[in-house]
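Heads up: the structure comes next, in structure tokens.
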Protein chains: 2
Amino acid sequence: MTVMWQCQGVKPPAAPAGAVRQGSLRELNLALVLGRIAAARRPPSRAALAADTGLTRATVSAVVEDLVAGRLVTEAEPTPRAGAGRPARGLMLAGDGPAGLGLEINVDYLAACVVDLAGQVRHHTVHRADLRPVSPADALGRLAELAGRARVDANAQGLTLAGAALGVPGLVDDAGRVRLAPNLGWRDVPVPELLADHPPLTETVDGVPPLVVDNEANLAALGELHAGAAPGSFLHISGEVGIGAGIVLNGALFRGARGWSGEIGHIPVRPDGPPCRCGGRGCLELYAGQEAILSAAGLAGADLPADRASTRLTQLATAEHPAVLRALAEAGTAIGVTVASVVNLLDLDTVVLGGGYAPLTGWLRPPVLAEIERRVLTAAWSPVTVRPATLGATAAAVGAAGSVVRRIIARPGGWLARL
Amino acid sequence: MTVMWQCQGVKPPAAPAGAVRQGSLRELNLALVLGRIAAARRPPSRAALAADTGLTRATVSAVVEDLVAGRLVTEAEPTPRAGAGRPARGLMLAGDGPAGLGLEINVDYLAACVVDLAGQVRHHTVHRADLRPVSPADALGRLAELAGRARVDANAQGLTLAGAALGVPGLVDDAGRVRLAPNLGWRDVPVPELLADHPPLTETVDGVPPLVVDNEANLAALGELHAGAAPGSFLHISGEVGIGAGIVLNGALFRGARGWSGEIGHIPVRPDGPPCRCGGRGCLELYAGQEAILSAAGLAGADLPADRASTRLTQLATAEHPAVLRALAEAGTAIGVTVASVVNLLDLDTVVLGGGYAPLTGWLRPPVLAEIERRVLTAAWSPVTVRPATLGATAAAVGAAGSVVRRIIARPGGWLARL
DNA sequence: CGCTATTTGTTCAGTGGTTGAATTAAATGA
DNA sequence: TCATTTAATTCAACCACTGAACAAATAGCG
């Protein structure tokens, strides 16, 4: 049987860096103009784009024509603008063109969502189930079903899915294989092969396989990058059962030499502390992981599902439950020590608390900031912002879908060539 | 008086990202071809470049013509090559074109060097002096004198200086101002203003001021990137009086949001450890800084100059002096704990020990590797290499000069336009 | 020695894409 | 109503790359 559902991991999609042919020029300008349209707060006119990019109005017109023909851009209706002169026709991202499918497998739920070019979430399904006892093949089967329904819904809305991304709570290699997902109990799961039986969700576009598998913390950070008002560089920490981080540098996710960056949960906080299951000692996860916080708060036996734990902690903290407050202060201090290391190393000016940490930001922020103040050499000149993630619990799925859309915006040539 | 010696810090030189005009195309291909020539091990022919880049032979010929006219490339003499067919004419970087001037101010010496396009060090002067009691203005005056002599020597060799970079052991802001250089005793030193009195070393090329001021650890890492066989991403740790790090990601130095990345010396190793002068507690510098190692080795009172300390330690370690061996093992463990954090976070596969650590690598490596093994989640699948820097004590100056040359190679358009 | 095969480098017409100026389009305001 | 103003399109000119044909320079072979 031929593999119908091609798949890959996180290897950069053949970064060109090669010859700059004649046509590359147009491709670059398509990306440039589309990027400006996407980044603009209100629909810009062709003339404004010309002034903004430095291209001629003639060129912008030609480029925009291509983008409109490719259903990536539409003209906004009568623009309410003052002043004399012919009124500008605003340009905005099309709401009925290509869209991205985002998928997520987590410990206690599956999720699928569809995001259009403009970043709107057009479909969203969450399927709650404890997936630890389920085999990877079965879990992926259920996910494919969810994805199929998402596709039908998207098509009904006039959208065309142009790719999909899947977030998993673990390490993924270049081939899309899940090397290790401890909290899910997966090890060396060949996602591409297991999905080969299922019908493809989309066709390959521009050499990019329709499904990209990535770490959920990475995808959540990407979601934050493109949903929130986050700056070009920040650290996104997701506190779930484990603690993961996505590092966004200069507007791009940094994946590391092998795509395994962001393992912040196993940064040592106290090198001589208690042993961690990773083999090290005194890892952050032992002080600020979900289990650690719950047990410090005296809620160890409650056995709450992951998303409930955070809600419960928020309730108790709001009620000023002393043990919970103490547990959160301790966790915040540990996070702060770690974040101080990261900021000293990378000089980031923003830290986003995501996942289960997001609702707890009010209690975690003070100790985190205190440690940064104490330990970061440059803190005096340049304050570090600590803020909650703007996306909710589904950040990874939305971020996954957003990453697909983002790639289209960054390289529209591929999508247009497909026509 | 007009400022004759323009200056700036580390802000990226107006990253284009803007319009891709007609001419940009040529500029990109100039950079592409020149980059391949620079990266090739033996002088490639035009035909080989065409095959390599994907451009046509016709285009490569035209591009090369421009590069030769601009003195960036020369034809190698009769290439000893076998096989039938017209013999290829190899192309190599010109040894008599533009060159970079690298400068360094450190605690106990000043240095100036000139590096040509091919990466050869064509001039090198070190002026030893304890600069702590000297005023910044005087120190910079002496440096300007050194630079002037370097320029004369370079010109005598037929080289044209196309820019300069200055490394200082401290934090530098966008304007080239040294915000803080603790070991030098500098604070808020406006390098550009202080150098305004001195004659300019070069003219502005392509909008880039002739002098760029940067942290010495950053420049040393850049030097390693382009001298050593280092891969695209690595961490370069310089152990001097303080401990600095340069982070190279995907072949580019990562500077952080404000250019202050790499402050690895103040990453907490033991959050509750002894207080550090930075205000934190248990910083790496307290366990692996030069003073810490010397005092742990029982050499505290020796008061050796910075570069002698490392030599002395090497001698004693070679002689298996027990206290020294113990001190190095402890320092290595502290470095290892910190490096493990970094590798967990960034997934780097190479760590370079530079500065004073380079000659001590034999003793530092085992404990560093041991900590990585224990604490890095992905260590089992992907080994981390720990190796000494290939450049010696002058890595920063050479790296500074190299960074100038590197910019010309990356963007030859600017240099060619100057003609 | 001369011929062929082979590979390198150049020349030249053709084409795609941007430029700049002129032109058309559509509104405001006196 | 018409001048003014700004937006968008049209079109000849130009720049850089492409592809193919051609010239150059060598090795191998009879």
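Quick caveat, the model's predicted, so the values are computed rather than measured. Below, chains carry the letters A, B, ... as their sequence lines are ordered, and counting in each starts from 1. Atom set for the values below is all heavy atoms of this structure, side chains included, hydrogens, waters and symmetry mates excluded.
In this view, B:R57 satisfies the side chain to side chain donor-acceptor pair (under 3.5 Å) rule with no residue, not counting sequence neighbours. Legend: residues meeting salt bridge (charged side-chain N to carboxylate O under 4.0 Å, His left out) with B:R406, ordered by chain and number and at least two apart, are absent. In terms of the salt bridge (charged side-chain N to carboxylate O under 4.0 Å, His left out) criterion, A:D349 has no residue partners (sequence neighbours excluded). By the side chain to side chain donor-acceptor pair (under 3.5 Å) test, A:Q120 is found to be paired with no residue, residues two or more places apart in sequence or in another chain being considered.
Between A:N29 and C:dT18 there is a side-chain N or O to OP1 or OP2 distance below 4.0 Å. Within the 4.0 Å cut-off from OP1 or OP2 of C:dT18, not a single side-chain nitrogen or oxygen of A:T59 is found. Side-chain nitrogen and oxygen atoms of B:R26 include none within less than 4.0 Å of the OP1 or OP2 phosphate oxygen of D:dC15.
The CG atom of B:L25 sits 9 Å away from the C1' atom of C:dG17 (whole-angstrom rounding). One atom, CG of B:L55, and another, P of D:dC17, lie 7 Å apart when rounded to the nearest Å.
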Within the sub-3.5 Å range, which N or O atoms of nucleotides 8-11 of chain D have a protein N or O partner, and how far apart are they?
| unit_1 | atom_1 | unit_2 | atom_2 | d |
| --- | --- | --- | --- | --- |
| D:dA8 | OP1 | A:R89 | N | 2.8 |
| D:dA8 | OP1 | A:R89 | O | 3.4 |
| D:dA8 | OP2 | A:R46 | N | 3.1 |
| D:dA8 | OP2 | A:A47 | N | 3.0 |
| D:dA8 | N7 | A:R57 | NE | 3.4 |
| D:dA8 | N6 | A:R57 | NH2 | 3.2 |
| D:dT9 | OP2 | A:R46 | NE | 3.4 |
| D:dT9 | OP2 | A:S61 | OG | 2.4 |

Sequence neighbours left out, cut at 3.5 Å: what donor-acceptor pairs do the side chains of residues 39-50 of chain B make with other protein atoms?
| unit_1 | atom_1 | unit_2 | atom_2 | d |
| --- | --- | --- | --- | --- |
| B:S45 | OG | B:A47 | N | 3.4 |
| B:S45 | OG | B:A48 | N | 3.0 |
| B:R46 | NH1 | B:E75 | OE2 | 3.0 |
| B:R46 | NH2 | B:E75 | OE2 | 2.7 |

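Distance check, rounded to the nearest 0.5 Å: CG of A:N29 to OG of A:S24 gives 11.0 Å.
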